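Report on one structure; see the data block that follows.
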Amino acid sequence: MDRKVVLITGAAKGIGASIAKKMASLHCNVVINYLTSERDAVSLQKELQDKYEVEVFAIRADVSKEEEEKVLEHFSKIDVLINNAALCQDNYFYEKTSLEFQNVIATNLIGPFLTSKYVGEHMLEQKSGVIVNISSTNGIDTMETYSMDYDASKAGVISLTKNYAKALAPYVRVNAIAPGWTKTDAVLEMNPNYLKEEEKKILLARFAKPEEIANVVAFLASDDASYINGTIIRVDGGLK
């Protein structure tokens, strides 16, 4: 059986790992990209191989560096690209340095630009493919001043999505989802009182499970979404 090959950046933990599990459960072969979380990536690789009997590769690459994107050329076929890798360095704007700001933009915006560039060229050659970008409601209307670099990067991802949908048409569909608060380890380490206040802003009165984000990604990657292109879907439980 010719399985789809799914490349997920920043897939060792959190939402990325949940997406990897979901796609493997749908009998896709999975490429787990990571930068620093090698132990988590290798553990996830083994888990998916054992549980779903699919091919899984763990590949280290810094998606913000063009020369490291070349590692992706190892794969002769990529059917689905999920741009999930992200960096967040929250602090007060007057404490942010230009280097810190640039690092966030490099990972969160230049990374998806480069990965979509190289994988997109490959998809155009095979005349098929799907790209799903992970943006955020922070890139739309839930900005926080202490994460203005993150917010700017996620707004950029939305623009990038619309541009690539146009550039890679008609063979490649490019969409994005904008998650709200999601129960990842990084979020749960935040001040619990602050999180309780944020929860009150959500109509469903809870944060998303990572699996709920993964389900929407899987839908956009599937043939069931074959006429959805250049679209941003909020997955935020009714965040106000």
Side-chain angles (χ1 to χ4, degrees), residues 1-87 107-108 110-134 157 160-161 164 168 171-177 210-211 213-223 225:
M1 181 174 64
D2 187 24
R3 298 180 186 271
K4 284 187 176 180
V5 178
V6 181
L7 167 62
I8 308 160
T9 68
K13 298 188 290 186
I15 291 173
S18 290
I19 295 170
K21 292 175 184 178
K22 180 66 177 183
M23 300 310 293
S25 76
L26 297 174
H27 311 294
C28 298
N29 294 331
V30 176
V31 183
I32 298 167
N33 160 255
Y34 69 94
L35 179 58
T36 58
S37 304
E38 181 175 13
R39 181 177 297 180
D40 293 302
V42 172
S43 175
L44 180 61
Q45 177 186 29
K46 186 177 187 308
E47 176 188 345
L48 299 185
Q49 287 173 330
D50 292 346
K51 187 173 183 178
Y52 299 110
E53 297 182 346
V54 295
E55 292 185 56
V56 185
F57 306 89
I59 300 294
R60 185 195 178 282
D62 184 341
V63 295
S64 71
K65 293 182 167 47
E66 192 151 15
E67 62 272 17
E68 294 196 27
E69 291 273 358
K70 299 292 186 180
V71 73
L72 304 177
E73 294 179 358
H74 170 76
F75 300 96
S76 58
K77 173 189 172 188
I78 296 176
D79 300 291
V80 180
L81 166 64
I82 314 295
N83 282 311
N84 171 74
L87 177 64
T107 297
N108 299 5
I110 295 176
F113 161 71
L114 290 172
T115 310
S116 299
K117 170 185 172 181
Y118 285 107
V119 175
E121 289 175 345
H122 167 73
M123 289 177 170
L124 283 179
E125 290 176 3
Q126 66 189 21
K127 294 187 175 182
S128 67
V130 177
I131 297 175
V132 181
N133 295 321
I134 309 301
V157 167
L160 198 70
T161 298
Y164 266 121
L168 301 177
Y171 299 113
V172 183
R173 292 190 295 107
V174 187
N175 295 290
I177 68 168
E211 300 81 36
I213 307 302
N215 288 340
V216 181
V217 172
F219 166 69
L220 287 175
S222 74
D223 293 338

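Bear in mind that the values here come from a model prediction, so they are computed numbers and not experimental data. Along the sequence shown, the residues carry numbers beginning at 1.
- With sequence neighbours left out, D40 forms a salt bridge (charged side-chain N to carboxylate O under 4.0 Å, His left out) with no residue at all.
- When every heavy atom of V31 is checked against every heavy atom of L7, the shortest pair comes out as CG1-CD1, 3.5 Å.
- Inter-residue side-chain proximity for V217 and I134 is flagged as met; some heavy-atom pair is nearer than 4.5 Å.
- Evaluation of the side-chain contact (heavy atoms from CB on, under 4.5 Å) rule for L35 yields R60, D62 as partners, not counting sequence neighbours.
- When atom types are taken as modelled, the side chain of N175 and the backbone of V132 share no donor-acceptor pair closer than 3.5 angstrom.
- One finds the CZ atom of R173 at 7.0 Å from the CG atom of L220 (value rounded to the nearest 0.5 Å).
- Residues meeting the side-chain contact (heavy atoms from CB on, under 4.5 Å) test with A11, sequence neighbours left out: I8, I32.
- Residues satisfying the side-chain contact (heavy atoms from CB on, under 4.5 Å) criterion with S116, sequence neighbours excluded, are L81, N83, I131, N133, Y164.
- Under the 3.5 Å distance criterion, the side-chain polar atoms of N33 are matched with a main-chain donor or acceptor of A61.
- The minimum heavy-atom distance between M23 and A221, with the atom names listed, is CE-CB, 4.1 Å.
- Taking the side chain to side chain donor-acceptor pair (under 3.5 Å) definition, one finds that Q49 meets it with nothing, sequence neighbours left out.
- Residue pairs satisfying the side chain to side chain donor-acceptor pair (under 3.5 Å) criterion with at least one member in residues 8-22, sequence neighbours excluded, are listed as follows: K22-N215.
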When the side chains of residues 50-59 are checked against the rest of the protein, which donor-acceptor pairs come out under 3.5 Å, sequence neighbours left out?
from : atom 1 : to  : atom 2 : distance (Å)
D50  : OD2    : K46 : NZ     : 2.7

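- Shown here for K77 and R3, the closest heavy-atom pair between the two residues is NZ-O, 3.0 Å.
- Considering all non-hydrogen atoms of both residues, S64 and T107 come closest at CB-N, 4.0 Å.
- Between the side chain of S43 and the backbone N or O of R39, no donor-acceptor pair lies under 3.5 Å.
- Among all heavy-atom pairs drawn from G10 and A85, the shortest one is N-CB, 3.7 Å.
- The distance from the CD1 atom of I110 to the CG atom of L160 is 10.5 Å, given to the nearest 0.5 Å.
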Atom pairs and distances, side-chain donor-acceptor, residues 120-129, under 3.5 Å, sequence neighbours left out:
from : atom 1 : to   : atom 2 : distance (Å)
H122 : NE2    : S76  : O      : 3.4
H122 : NE2    : I78  : N      : 3.1
H122 : NE2    : Q126 : OE1    : 3.1
Q126 : NE2    : I78  : O      : 3.0
Q126 : NE2    : S128 : O      : 3.0

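- Summarising the geometry, atom CD1 belonging to I19 is positioned 5.0 Å from atom CG belonging to N84; distances are rounded to the nearest 0.5 Å.
- Judged as a side-chain contact (heavy atoms from CB on, under 4.5 Å), and not counting sequence neighbours, the contacts of S222 are F219, D224.
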